[in-house]
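What follows is a single structure, written as structure tokens, with notes after it.
Every chain is numbered from 1 and lettered A, B, ... according to where its sequence line falls, protein lines coming before strand lines. Any value given below was found using the heavy atoms of this structure, including those in side chains, with hydrogens, waters and symmetry copies removed.
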There are 2 protein chains.
Amino acid sequence: MGNSKLYKGSLNTIILKLLDEEGKMYGYEITQKVKELSKGELNITEGALYPALHKLEAEGLLDVEVAKVDNRLRKYYKLTKQGEKETVNRLAELEDFIRSMQQLVNPDWSIQ
Amino acid sequence: MGNSKLYKGSLNTIILKLLDEEGKMYGYEITQKVKELSKGELNITEGALYPALHKLEAEGLLDVEVAKVDNRLRKYYKLTKQGEKETVNRLAELEDFIRSMQQLVNPDWSIQ
DNA sequence: CTAATATACATAAATTTCTTATGCATAAGA
DNA sequence: TCTTATGCATAAGAAATTTATGTATATTAG
């Protein structure tokens, strides 16, 4: 455990980025995907994820579609047109942020 | 402005890292240094910085030394022994975080 | 000479975001 | 049958940050 925390503000952008890549995903799937991609480093808690999804939907960035698989509910989310645009902006911001953090934390690193 | 925000949890580590590099710094100097190193991308607000410095001091990670320069007050902070140890840990954590974020946001990047 | 900007500290209120703790429900595996 | 996994949700609390102030001195521009 030790770490495994996200950092304020990064969750929404991660969600948008994943949806942009995968087309559509449901909540639980997002938590597993993030865990997998980060090799267990990042764990999105449900208490953070679901409110975030609801907020992105309320902002008009996501659309929902309910499905029943194996008698269990799934809510598939996908980007709206507006969501696609916002994803570009927020991703650029996050990339800038990451680059800045690197510059501060380890100027020896360089991104290829 | 648009961006210019830090991200939760990264501020303390940035402060520790800078003090580790520079030996000693005062608050205002830290805000300017971060702005410079990040090319204006990251702006530490005073409302975030000063409470953070006080907290790190209370935790025993920083020592303070007051100085008067040009008839103006400066509070120079430097790492304690314990602060030096903690810096190593927190920096490693932040580096892991940055790597994980990169993996998520842009797997094409690689760190050399 | 005076107003704005820069330097330098500080704190309080409000906001945002996240963790922790719950709750409900079905499926699969030990 | 008990635990773990899947799948959603919300409420309470904690933590970090922004925004808004406040005080004070020094410098620069008009």
Please report the distance, rounded to the nearest Å, between [atom1] in [X] and [atom2] in [N].
| X | N | atom1 | atom2 | answer |
| --- | --- | --- | --- | --- |
| L11(A) | dT17(C) | CG | P | 10 Å |
| L53(B) | dA10(C) | CG | P | 8 Å |
| I14(B) | dA16(D) | CD1 | P | 14 Å |
| E29(B) | dC9(C) | CD | C1' | 15 Å |
| N12(B) | dT17(D) | CG | P | 7 Å |
| I30(A) | dC8(D) | CD1 | C1' | 13 Å |
| Y50(B) | dT23(D) | OH | C1' | 13 Å |
| L49(B) | dC9(C) | CG | P | 8 Å |

With a 4.0 Å limit, can you tell me whether [X] has a side-chain N or O closer than that to the phosphate oxygens OP1/OP2 of [N]?
| X | N | value |
| --- | --- | --- |
| H54(A) | dC8(D) | no |
| R72(A) | dT26(C) | no |
| K55(A) | dT16(C) | no |
| T45(A) | dC18(C) | no |
| Y26(B) | dC9(C) | no |
| N71(B) | dA24(D) | no |

The side chain of [X] is closest to which nucleotide in this list: [options]?
| X | options | result |
| --- | --- | --- |
| K75(B) | dT17(D), dC9(C), dA16(D) | dC9(C) |
| R74(B) | dA8(C), dT17(D), dA27(C) | dA8(C) |
| E46(A) | dC18(C), dC8(D), dT18(D) | dC8(D) |

For dT5(C), which nucleotide in any strand shown is its Watson-Crick or wobble partner with both distances under 3.5 Å?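 Because both required distances fall under 3.5 Å, dT5(C) counts as paired with dA26(D).
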Please compare G47(A) and L73(A) by the position of their nearest nucleotide in DNA chain D and report the one closer to 5'.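 Result of the comparison: L73(A).
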Derivation of the side-chain contact (heavy atoms from CB on, under 4.5 Å) call for Q32(B) and K35(B): CA-CA 5 Å; Q32(B) 300 308 301; K35(B) 199 178 292 182; 4.2 Å; yes
Salt bridge present between E22(B) and K33(B) (N-O < 4.0 angstrom):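 Yes, E22(B) and K33(B) are salt-bridged.
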Within the distance-only criterion (no hydrogens, no angle test), does the side chain of T80(A) pair as donor or acceptor with the backbone N or O of G60(A) below 3.5 angstrom?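 Yes; judged by distance alone, with no hydrogens or angles, the pair exists.
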M101(B) CE to Q103(B) CD distance, which is reported to the nearest 0.5 Å: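 So the gap between those two atoms works out to 11.5 Å.
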Is there any ring-ring contact (aromatic ring centres under 6.0 Å, His included) pair reaching into residues 64-87 of chain A, and which pairs are they, with sequence neighbours excluded?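 Counting only pairs at least two positions apart or across chains, the ring-ring contact (aromatic ring centres under 6.0 Å, His included) contacts touching residues 64-87 of chain A are Y26(A)-Y76(A).
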